[in-house]
Amino acid sequence: SFLSGEVGPDKIILNPQKWYEENCIELHLGASVKKISKKDKSVIANDGNVYPFDKLLIATGSSAFIPPIKGIQNKEILKQGIFTFRNLDDTQAMLNWAKNSRKAIVIGGGLLGLEAARGLVCQGMEVTVAHLSDRLMDMQLDPASAAILKKEINKLGINVLLEHCAEKVIGNGHVEGLRFTNGKVYQADMIVIAAGIRPSVEL
């Protein structure tokens, strides 16, 4: 909703600070956990604060999976027109880049990829979704329902490429296009990677 311009960032927060206070939840924002001591039953944060516990639940979420595509192994290149779509910072960066871009390719035809595609169309961009499978949202939909979805996605002005595997980002310093393993090349000023997630297990 924020990417499409329907709401501002303040409207997509699950709960305000007051909600946590009213529900007797002690919230520590910006606190990075450095260590868990099972012996002392405590969590140690980077700022030195120690939080004791009786029971500990670890819910550290996930991060975007970046496929092995030539030209994006170097994380620095992600700043030059290649984006993941996982959080508010990602979304703001995409909006900033979209202001001076015309064509976008979204890698991944799952729910998140389609949401990203719709948001970018609402920003006035020409958007193409490239999906590895033979149908959109293949984890959720059978062929018949996926075909109906594809028609509706096309009606939104989004081009869909099925059974397309990205091979290499074209461009020197910034994105100019994307080449696929079938040899086809499509122009793009911006690439969004929405190819699934991996658990955040760094802790």
Query raised in the report: Which value, rounded to the nearest 0.5 Å, describes the distance between T84 atom OG1 and I72 atom CD1?
Result: 10.0 Å
**Report entry** Heavy-atom check, side chain of S101 versus side chain of Q123, under 4.5 Å
**Finding:** no
Query raised in the report: Would you call L95 and F2 a side-chain contact if the rule is heavy atoms closer than 4.5 Å?
Result: yes
Query raised in the report: Given side chains that start at C-beta, do those of I12 and V7 come closer than 4.5 Å, heavy atoms only?
Result: yes
Report task. Please report the closest heavy-atom contact between G109 and V129, naming both atoms and the distance. Result -> CA-CG1, 3.8 Å
Query - H131 and D138, any side-chain heavy atoms less than 4.5 Å apart - result: yes
Report task. Verify salt bridge (Lys or Arg N to Asp or Glu O under 4.0 Å) between K18 and E21, making sure each step is shown before the conclusion. Result -> CA-CA 5 Å; K18 188 178 179 182; E21 295 168 0; over 6 Å; no
Query raised in the report: Distance from K168 atom NZ to L178 atom CG, nearest 0.5 Å?
Result: 11.5 Å
Query raised in the report: When rounded to the nearest 0.5 angstrom, what is the spacing between OG in S62 and CZ in R198?
Result: 10.0 Å
Requested in this report: List the steps, then state whether side chain to side chain contact (heavy atoms under 4.5 Å, CB included) holds for M190 with L120.
Outcome: CA-CA 10 Å; M190 177 178 184; L120 292 172; 3.9 Å; yes
Report task. Over 60° means perpendicular and under 30° means parallel, so classify the ring planes of H164 and F180, tilted if in between. Result -> perpendicular
Query - Validation row: R86, I197 side chains within 4.5 angstrom (heavy atoms) - result: yes
Query raised in the report: Applying the 4.5 Å side-chain criterion to the ILVMFWY set and letting contacts propagate, would M137 and V127 be lumped into a single cluster?
Result: yes
**Report entry** K150/R135 under side chain to side chain contact (heavy atoms under 4.5 Å, CB included): CA gap, chis, key distance, verdict
**Finding:** CA-CA 8 Å; K150 183 175 180 293; R135 65 184 189 271; over 6 Å; no
Query raised in the report: What heavy-atom pair brings K34 and N46 nearest, and what distance separates the two atoms?
Result: CB-OD1, 3.0 Å
Query raised in the report: About how many Å separate CZ of F53 and NZ of K38, when rounded to the nearest 0.5 Å?
Result: 9.5 Å
Query raised in the report: So, R118 side chain and S4 main chain: donor-acceptor pair closer than 3.5 Å or not?
Result: no
Query raised in the report: Under 6.0 Å from the CD atom of Q17, do we count more than 12 heavy atoms belonging to anything else shown?
Result: yes
Report task. Could you tell me the separation between the CG atom of N15 and the CG atom of L27, rounded to the nearest 0.5 Å? Result -> 10.0 Å
Query raised in the report: Counting distance only, does the side-chain N/O of N23 pair as donor-acceptor with the main-chain N or O of I25 below 3.5 Å?
Result: no
Report task. State, to 0.1 Å, how close Y51 and A45 come at their nearest heavy-atom pair, and which atoms those are. Result -> CE1-CB, 4.0 Å
Query raised in the report: Is there a path from L132 to I82 through hydrophobic residues (I, L, V, M, F, W, Y) whose side chains come within less than 4.5 Å of each other?
Result: no
Query raised in the report: Would you find a donor on one side and an acceptor on the other, under 3.5 Å apart, between the side chain of N154 and the backbone of I158?
Result: yes
Report task. Give a yes or no on whether the backbone of D189 and the side-chain of K103 come within a donor-acceptor separation of less than 3.5 Å. Result -> no
Report task. Determine, step by step, whether L162 and L136 satisfy the side chain to side chain contact (heavy atoms under 4.5 Å, CB included) criterion, reporting the C-alpha distance in whole Å, the side-chain angles of both residues, the deciding distance to 0.1 Å, and the verdict. Result -> CA-CA 8 Å; L162 297 175; L136 295 173; 4.2 Å; yes
Query raised in the report: Is there a path of hydrophobic side-chain contacts, each under 4.5 Å between heavy atoms of I, L, V, M, F, W or Y residues, that connects L112 with V121?
Result: yes
Query raised in the report: Transitively linked via ILVMFWY side-chain contacts under 4.5 Å: V185 with V169?
Result: no
Query raised in the report: Where do F85 and V106 land on the side chain to side chain contact (heavy atoms under 4.5 Å, CB included) test, with the steps shown first?
Result: CA-CA 10 Å; F85 185 42; V106 177; over 6 Å; no
**Report entry** Atom pair CD1/CD1 of I193 and I107 - distance to nearest 0.5 Å
**Finding:** 5.0 Å
Query raised in the report: Side-chain contact, heavy-atom cut-off 4.5 Å: L203 with I36?
Result: yes
Query - N182 CG: over 12 foreign heavy atoms closer than 6.0 Å - result: yes
Report task. Without swapping roles, check the side chain of D90 against the backbone of N87 for a donor-acceptor pair under 3.5 Å. Result -> yes
Requested in this report: Quick one: closest heavy-atom pair of D40 and S37, and the distance?
Outcome: N-OG, 3.1 Å
Report task. Using the rule that two of Ile, Leu, Val, Met, Phe, Trp, Tyr join whenever any of their side-chain heavy atoms come within less than 4.5 Å, decide whether L29 and Y20 are in one cluster. Result -> yes
